[in-house]
There are 2 protein chains.
Amino acid sequence: MRTRLKDVAERAGVSVKTVSNVVNDYVHVSPELRAKVTQALEDLGYRPNLSARNLRRGRSGMIALALPSVHGPYFSELAHLIVREAEQHDLTVLIDCTYGELTREQTVAEGFRTHLIDGIILCPWQLGAADLRKREDTTPLVLLGERVSYGADAVAIDSRAVGQAATEHLLSIGRRRIGVMRHLPRNTGGVVGKIRLDGYKRALAAAGLEFDPTLVASVDRAHGLDAKVATDALLDLPEQIDALFCFNDELALVAMRRLYERGYRVPDDIAVIGVDGIAAGATITPTLSTIVPDKQQIAAEAVRMLVERIEGEPDDGARRVKAGFTLLPRESTMGLKRVRRGPRRSTKQAARS
Amino acid sequence: MRTRLKDVAERAGVSVKTVSNVVNDYVHVSPELRAKVTQALEDLGYRPNLSARNLRRGRSGMIALALPSVHGPYFSELAHLIVREAEQHDLTVLIDCTYGELTREQTVAEGFRTHLIDGIILCPWQLGAADLRKREDTTPLVLLGERVSYGADAVAIDSRAVGQAATEHLLSIGRRRIGVMRHLPRNTGGVVGKIRLDGYKRALAAAGLEFDPTLVASVDRAHGLDAKVATDALLDLPEQIDALFCFNDELALVAMRRLYERGYRVPDDIAVIGVDGIAAGATITPTLSTIVPDKQQIAAEAVRMLVERIEGEPDDGARRVKAGFTLLPRESTMGLKRVRRGPRRSTKQAARS
DNA sequence: CTGTTAGCGCTTTCAT
DNA sequence: ATGAAAGCGCTAACAG
């Protein structure tokens, strides 16, 4: 048995309350007693029992973050930002992987770590509006993404605007035959995919171009359709594409590799743009043009809304926050940085190890 | 106030104990009572209060995973695997970011979420053996990495062997002037870096080559020495290098970019190898040769050891587990896959969207 | 300013 | 097989 408040109290010759006061940094404690207590605390190596405290306080200071995965550049960065943000509010994040599975998502939405977590941030892939409507658990919940459109606070980027911006960028550099590579259906493919595709169509229309459904390739791992196969499908079209809009950067990386393998040059033959702004996109050659969602904003808004609910924001309907994004034109659309051939000295004096 | 065990008991007309038995799937409950209780449970939408349960049981089923960051390809994958692994043991993982800061690492090692977590997995960057020795908290602790060599269970890959394997690979393809790029000091640069460098030296010695300290470039962000600058330093040496061993894949990616910018071809002019096996390495061109630590094993061993400690494994000294790794030779050392020039049909019939 | 005391909701002897 | 009751360690309401 570890030392309890009571043990400390006995040792210091004071009451439990006083010790508690010291531990919790209450103001009204005489300096002498405080000193005595602090000493006893030290001597005994007291560690509060958070379970007991939480039980008593009815709050734990923990929130759950449920993501399809913490692996992968997008979610790992998001998780990181949310952890940081939560810290600002003295909240600890408990991470849960749903693997995008419906049952797990339901478990999270429906009574999950009850009374142990004060709130939940969930990024659903399969969960539907119906699930949310019949939700009985009252733990505050904030959703990430546009997938579900009912019953809880949510923060998401405007996928239509994203699709439109990417397409417009490609159009602006003179491309007219723009292939699209999207995920189906467990990823950005579902609702988000549709909306993004919608933005693509809209941009085409605005440019007076007709939408050609054969230009849309779908990656569907369940059916063995990976990004490589999808790229091939697009390349094997009778009329050659001159640009490729990938719904995320990882797809774009694979596609660019495939383009290389088949002898196409990026962006000369085919310009490529992705979405997410993963780190690798900045270092590969050509560097990858991309649309970067404002993840910091997503994290901040999600935590903010959750905290508000926890603090007792009246549940007057679900709130919906749109997060921003930035188009980052790089070499995969704008052209390669000129290269100095041969081993030469850098223009700037280079530092030695 | 949410419904408690007591409420359910009243509704079902039984005692609290019986309800508890049902909730906990105890055996000796008559079918009729069980049915009644189950019904009441449903009706009232009972959710157990985990804080109370944990207080009573003296266990929480949660472990903390403290990493410098969850962002970044290496740690995010490791985190993912540990979460998975913990799940197998009915443990929930609570993630904590230390940012590699000493005070945070100390906080984690020393009474952190006391009695709320059953154990800790910590990947320290700064924490020293002294910190561990004077550790008073008794929460089971498992360390990740070779940084700290005293006072707690640890699992790590053999950095010397890694350094040696990478170097030998470079030597085996005929390279003789092998540059090294390492991190200082908060990253793999400290202890691990030294050990890895040791492996490098050893491999050189075995090949009858002399160690040339000018071939070692150090990346040190604190002093504005990024991977680009370090690459330049290596390239500007009087005698040209023909290979580059980067202590992690992210450095290697940046280095390869810089090599491109300065007109060197990989691997023809300079072969490059990294460590970690990040995903992007498989898709960039040239694909990145790398050494892949067996992260699955690291995760499994860490959780296993922790669980053993939690279950009361006698503390008879710290245990040390070495995890394996694999050398993955790819294009950045072995040469580019041949490219079919011009838009041609793929050999295999490509699938259409 | 400090001490006493009553629970928080649950599990768990100990009876029955 | 089920019930009554005693705490787990802490906080907070209430006295003093």
Side-chain angles (χ1 to χ4, degrees), chain A residues 1-41 44-62 90 111 113-118 137-139, chain B residues 1-38 40-41 44-62 111 113-118 137-139:
Chain A
M1 200 49 48
R2 310 270 266 275
T3 69
R4 299 149 306 162
L5 224 42
K6 196 181 163 196
D7 303 321
V8 180
E10 279 169 10
R11 167 125 188 170
V14 298
S15 81
V16 188
K17 175 65 171 24
T18 305
V19 182
S20 175
N21 282 346
V22 172
V23 170
N24 293 296
D25 279 329
Y26 272 14
V27 265
H28 299 304
V29 181
S30 70
E32 343 156 24
L33 277 196
R34 178 179 297 277
K36 255 201 288 189
V37 171
T38 310
Q39 185 59 49
L41 245 21
L44 271 44
Y46 171 77
R47 325 267 152 177
N49 182 323
L50 278 319
S51 285
R53 179 180 292 175
N54 292 344
L55 172 58
R56 187 59 239 238
R57 293 221 256 237
R59 274 227 205 160
S60 67
M62 294 196 292
D90 287 315
R113 311 272 140 74
T114 16
H115 302 259
L116 216 168
I117 51 173
D118 297 338
D137 188 30
T138 57
T139 311
Chain B
M1 200 48 51
R2 310 271 266 275
T3 69
R4 300 150 307 164
L5 224 41
K6 197 181 163 196
D7 303 319
V8 180
E10 278 169 13
R11 168 123 186 171
V14 298
S15 82
V16 185
K17 174 65 170 21
T18 306
V19 182
S20 175
N21 282 347
V22 172
V23 169
N24 294 297
D25 280 327
Y26 272 15
V27 266
H28 299 304
V29 180
S30 70
E32 345 155 24
L33 276 195
R34 180 179 295 274
K36 258 202 288 191
V37 170
T38 310
L41 244 22
L44 272 45
Y46 171 77
R47 326 265 154 180
N49 182 321
L50 279 317
S51 286
R53 178 179 290 174
N54 292 343
L55 171 57
R56 189 59 239 239
R57 294 222 255 239
R59 272 228 204 159
S60 67
M62 295 196 293
R113 310 277 137 74
T114 16
H115 301 260
L116 216 166
I117 51 173
D118 297 338
D137 188 29
T138 57
T139 311

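All of these numbers come straight from a predicted model, not from anything done at the bench.
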With a 4.5 Å cut-off on side-chain heavy atoms, are B:V19 and B:Y46 touching? no
Measure from [atom1] on [X] to [atom2] on [N] and round the result to the nearest Å.
X      : N     : atom1 : atom2 : result
A:R113 : C:dG9 : CZ    : P     : 21 Å
A:L55  : D:dG9 : CG    : P     : 12 Å
B:N54  : D:dG7 : CG    : C1'   : 16 Å
A:E32  : C:dC1 : CD    : C1'   : 11 Å

Would you say a side-chain N or O of B:S51 is under 4.0 Å from OP1 or OP2 of C:dC10? no
Would you say C:dT2 has OP1 or OP2 under 4.0 Å from some side-chain N or O of A:S30? yes
Residues two or more places apart in sequence or in another chain: which of them pass side-chain contact (heavy atoms from CB on, under 4.5 Å) with B:D137? A:R2, A:R47, B:E110, B:T114, B:R135, B:T139
Could you work out how much the helix from C:dC1-D:dG16 to C:dT16-D:dA1 bends, comparing the axis of its first five pairs with that of its last five, to 10°? 30°
Could you tell me which non-hydrogen atom of B:A9 sits nearest to which non-hydrogen atom of B:V16, and how far apart they are? CB-N, 3.8 Å
Of all heavy-atom pairs linking B:S60 and B:D118, the shortest is N-OD1, 3.0 Å
Please write out the pairs of protein N or O atoms and N or O atoms of nucleotides 10-14 of chain D separated by less than 3.5 Å, giving the distance to one decimal.
{"residue": "D:dC10", "atom": "OP1", "partner": "A:Y46", "partner atom": "OH", "Å": "2.2"}
{"residue": "D:dC10", "atom": "OP1", "partner": "A:N49", "partner atom": "N", "Å": "3.1"}
{"residue": "D:dC10", "atom": "OP2", "partner": "A:L5", "partner atom": "N", "Å": "2.6"}
{"residue": "D:dT11", "atom": "OP1", "partner": "A:R53", "partner atom": "NE", "Å": "2.6"}
{"residue": "D:dT11", "atom": "OP1", "partner": "A:R53", "partner atom": "NH2", "Å": "3.4"}
{"residue": "D:dT11", "atom": "OP2", "partner": "A:S20", "partner atom": "OG", "Å": "3.2"}
{"residue": "D:dT11", "atom": "O2", "partner": "A:R56", "partner atom": "NH1", "Å": "2.6"}
{"residue": "D:dA12", "atom": "OP2", "partner": "A:Y26", "partner atom": "OH", "Å": "3.3"}

Which residues in residues 33-40 of chain A have at least one heavy atom lying under 4.0 Å from any atom of DNA chain C? A:L33
For B:R4, does its backbone N or O pair with a side-chain atom of B:D7 as donor and acceptor, under 3.5 Å? yes
Would you give the length of the straight line joining atom [atom1] of [X] to atom [atom2] of [Y], rounded to the nearest 0.5 angstrom?
X     : Y     : atom1 : atom2 : result
B:N49 : B:N54 : CG    : CG    : 8.5 Å
A:T3  : A:L41 : OG1   : CG    : 8.0 Å
B:M62 : B:L50 : CE    : CG    : 8.0 Å

Sort and list the pairs that fulfil salt bridge (charged side-chain N to carboxylate O under 4.0 Å, His left out) and have at least one residue in residues 11-25 of chain B, not counting sequence neighbours. B:R11-B:D43
Side chain to side chain donor-acceptor pair (under 3.5 Å) partners for B:R53, two or more places apart: none
Out of B:V8, B:L5, B:T18, which one pairs with B:V23 under the side-chain contact (heavy atoms from CB on, under 4.5 Å) rule? B:L5
